[in-house]
2 protein chains.
Amino acid sequence: MKPNILRRQTIQRKIILEELKRVKTHPTADGIFTLARKKIPAITFGTVYRNLNLLRDAGKILELTCGRYSCRYDGDASQHYHFFCLKCKNVFDACIPAVGNLDRKVSQKLKFQVKYHRIEFYGYCQKCKAKI
Amino acid sequence: MKPNILRRQTIQRKIILEELKRVKTHPTADGIFTLARKKIPAITFGTVYRNLNLLRDAGKILELTCGRYSCRYDGDASQHYHFFCLKCKNVFDACIPAVGNLDRKVSQKLKFQVKYHRIEFYGYCQKCKAKI
DNA sequence: TTAATTGCAAAACTTTTGCAACGCT
DNA sequence: AGCGTTGCAAAAGTTTTGCAATTAA
């Protein structure tokens, strides 16, 4: 059923991952498509989405869900938190250390198996808080 | 531009909010539509979505974003965290107290104005962890 | 060679919206 | 009466998918 993942290195996949690691803007799939098309004009949406799904499943990138439509992607798959600006809708890394023991607390309370957690901060970024 | 919100009490709005507060399943918009249609067979998707948006904007319900498509809704708008089962995709309340000082830490670090945060736990619920 | 991957295009799915009719207040 | 709200249907926006051609290993 599931296709074998990341078995081949294609130029499309390489560029998508490279661009995602290069930028710090946590782009949407559409944004990645635009970035990739500058390097590979013939690339299509289907290829971008398929690769994003595969890279996410392989744990090489993070898929951040925000709002109704559209996810955002992060080329840095290590544990870290995010800040979402309520005004300009940009996403930033929230540079604080991981909160310890959270997963264990919830495991004990719910009797569930907690694998990981995410924390999202919401508010106004430096530029936007000046304009409110 | 923006319509005046929640100015009138309609039967549709009343049922949507009642059902959302009644169930503990954190349903999707589609799920709420199905629930509401049992009480008001003529209700439409448009009405459900419009009301969910208005109720969310008014702070009466929570909109939880999870995955690509589809948000989930929570009739309990008070501060609490959530657990997402990676297998059955159900959403549960994570009954642990709010983590203090988090917002302040990020505010100081980033020089942003942090209004609130959300924490999402991921793993396997009691039923699913037995089947892995 | 062969099977994963791509490009293309259509489909699927969720959410929004314009408009006339309806119905709270 | 006034206008917020609904039902209807079409549109918009995002993501997925079937298929034949391509291409990495």
Side-chain angles (χ1 to χ4, degrees), chain A residues 1-20 26-58 60-74 89 91, chain B residues 1-20 26-58 60-74 89 91:
Chain A
M1 197 77 246
K2 260 189 184 172
N4 291 310
I5 60 173
L6 306 184
R7 193 146 300 189
R8 290 181 189 171
Q9 161 98 304
T10 64
I11 185 66
Q12 290 86 347
R13 180 168 299 161
K14 182 164 166 287
I15 293 292
I16 288 169
L17 191 53
E18 269 178 16
E19 291 298 296
L20 203 45
H26 307 83
T28 61
D30 187 79
I32 296 161
F33 172 68
T34 303
L35 288 169
R37 207 168 38 171
K38 287 180 186 165
K39 312 263 173 151
I40 313 170
I43 201 170
T44 61
F45 262 111
T47 297
V48 170
Y49 277 108
R50 272 185 287 230
N51 274 296
L52 289 174
N53 285 344
L54 292 172
L55 291 165
R56 174 203 57 204
D57 292 345
K60 292 193 178 295
I61 64 173
L62 290 184
E63 182 180 270
L64 310 177
T65 72
C66 49
R68 287 292 175 85
Y69 287 132
S70 86
C71 300
R72 283 169 169 272
Y73 293 89
D74 190 336
K89 309 298 178 191
V91 180
Chain B
M1 196 80 247
K2 259 188 186 174
N4 292 310
I5 60 174
L6 306 185
R7 192 146 302 187
R8 291 181 189 170
Q9 161 98 307
T10 63
I11 185 67
Q12 290 86 347
R13 181 168 298 159
K14 182 165 166 285
I15 293 294
I16 288 169
L17 191 53
E18 269 178 16
E19 291 299 296
L20 203 45
H26 308 83
T28 61
D30 186 80
I32 295 162
F33 172 68
T34 302
L35 288 170
R37 206 168 40 171
K38 287 180 186 164
K39 312 262 173 155
I40 313 170
I43 201 170
T44 62
F45 263 112
T47 297
V48 170
Y49 277 108
R50 272 184 287 232
N51 274 296
L52 289 174
N53 285 344
L54 293 172
L55 291 165
R56 175 203 58 203
D57 292 345
K60 291 193 179 295
I61 64 174
L62 290 183
E63 182 180 270
L64 309 177
T65 72
C66 49
R68 288 291 176 83
Y69 288 133
S70 85
C71 299
R72 283 169 169 271
Y73 293 88
D74 190 335
K89 309 298 179 191
V91 180

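Chain naming here is simple, since letters A, B, ... match the order of the sequence lines and numbering starts at 1 in each. We use all heavy atoms of the structure for the numbers below, so side chains are in, but hydrogens, waters and symmetry mates are not.
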**Item:** Closest non-hydrogen atom pair between A/T65 and B/T65, with its separation
**Value:** OG1-OG1, 3.1 Å
**Item:** Spacing of A/Q12 atom CD relative to D/dA21 atom C1', expressed in whole Å
**Value:** 13 Å
**Message:** For nucleotides 20-25 of chain C, give me one character per nucleotide, 5' to 3': B if any protein heavy atom sits under 4.0 Å from the base, S if the only such contacts are to the sugar-phosphate, - if neither.
**Reply:** ---BBS
**Message:** Tell me whether A/E18 is salt-bridged to A/K39, with the criterion being a basic N under 4.0 Å from an acidic carboxylate O.
**Reply:** no
**Prompt:** A/R37 pairs by side chain to side chain contact (heavy atoms under 4.5 Å, CB included) with which of A/V48, A/I15, A/I43?
**Reply:** A/I43
**Message:** What is the separation between atom CZ on B/F33 and atom P on D/dG7, rounded to the nearest whole Å?
**Reply:** 10 Å
**Request:** Going by the side chain to side chain contact (heavy atoms under 4.5 Å, CB included) test, name the single residue among A/L17, A/L52, A/N51 that passes it with A/I32.
**Result:** A/L52
**Request:** Please state how far atom CZ in A/R37 lies from atom C1' in C/dT6, giving the value in whole angstrom units.
**Result:** 16 Å
**Message:** If I take atom CG from residue B/L55 and atom NZ from residue B/K60, how far apart are they, to the nearest 0.5 angstrom?
**Reply:** 8.0 Å
**Request:** Hey, could you give me the OG1/CD1 distance between B/T10 and B/I40, rounded to the nearest 0.5 Å?
**Result:** 7.5 Å
**Message:** Using five pairs at each end of the helix from C/dT1-D/dA25 to C/dT25-D/dA1 to define an axis, what is the angle between those two axes, to 10°?
**Reply:** 40°
**Request:** Tell me whether the OP1 or OP2 atom of D/dT6 has a side-chain N or O from B/R50 closer than 4.0 Å.
**Result:** no
**Atom-pair distance (CZ on A/R72; P on D/dT14), nearest Å** = 12 Å
**Message:** I need the CG-C1' distance between B/D30 and C/dA12, as an integer number of Å.
**Reply:** 14 Å
**Fill in**
When every non-hydrogen atom of A/F45 is compared with those of A/D30, the smallest separation belongs to CZ-OD1, 3.3 Å
**Prompt:** Knowing that exactly one of B/E63, B/R56, B/H26 qualifies, which makes a side chain to side chain contact (heavy atoms under 4.5 Å, CB included) with B/C71?
**Reply:** B/E63
**Request:** Give a yes/no on whether any side-chain N or O of A/N53 is located under 4.0 angstrom from OP1 or OP2 of D/dT15.
**Result:** no
**Complete:** When rounded to whole Å, the CG to P distance for the pair A/N51 and C/dA4 reads 15 Å
**Asked** Between B/R13 (side chain) and B/R8 (backbone), is there a donor-acceptor pair under 3.5 Å?
**Response** yes
**Request:** Of all the heavy-atom pairs spanning A/F33 and A/T44, show the shortest one and how long it is.
**Result:** CE1-C, 3.7 Å
**Fill in**
When rounded to whole Å, the CG to P distance for the pair B/L54 and D/dC3 reads 18 Å
**Taking every non-hydrogen atom, the tightest pair across B/Q9 and B/K14** = NE2-CD, 3.8 Å
**Fill in**
To the nearest angstrom, the CD1-P distance between A/I15 and D/dA24 comes to 13 Å
**Asked** Counting only non-hydrogen atoms, which of residues 40-49 of chain A are less than 4.0 Å from DNA chain D?
**Response** A/G46, A/Y49
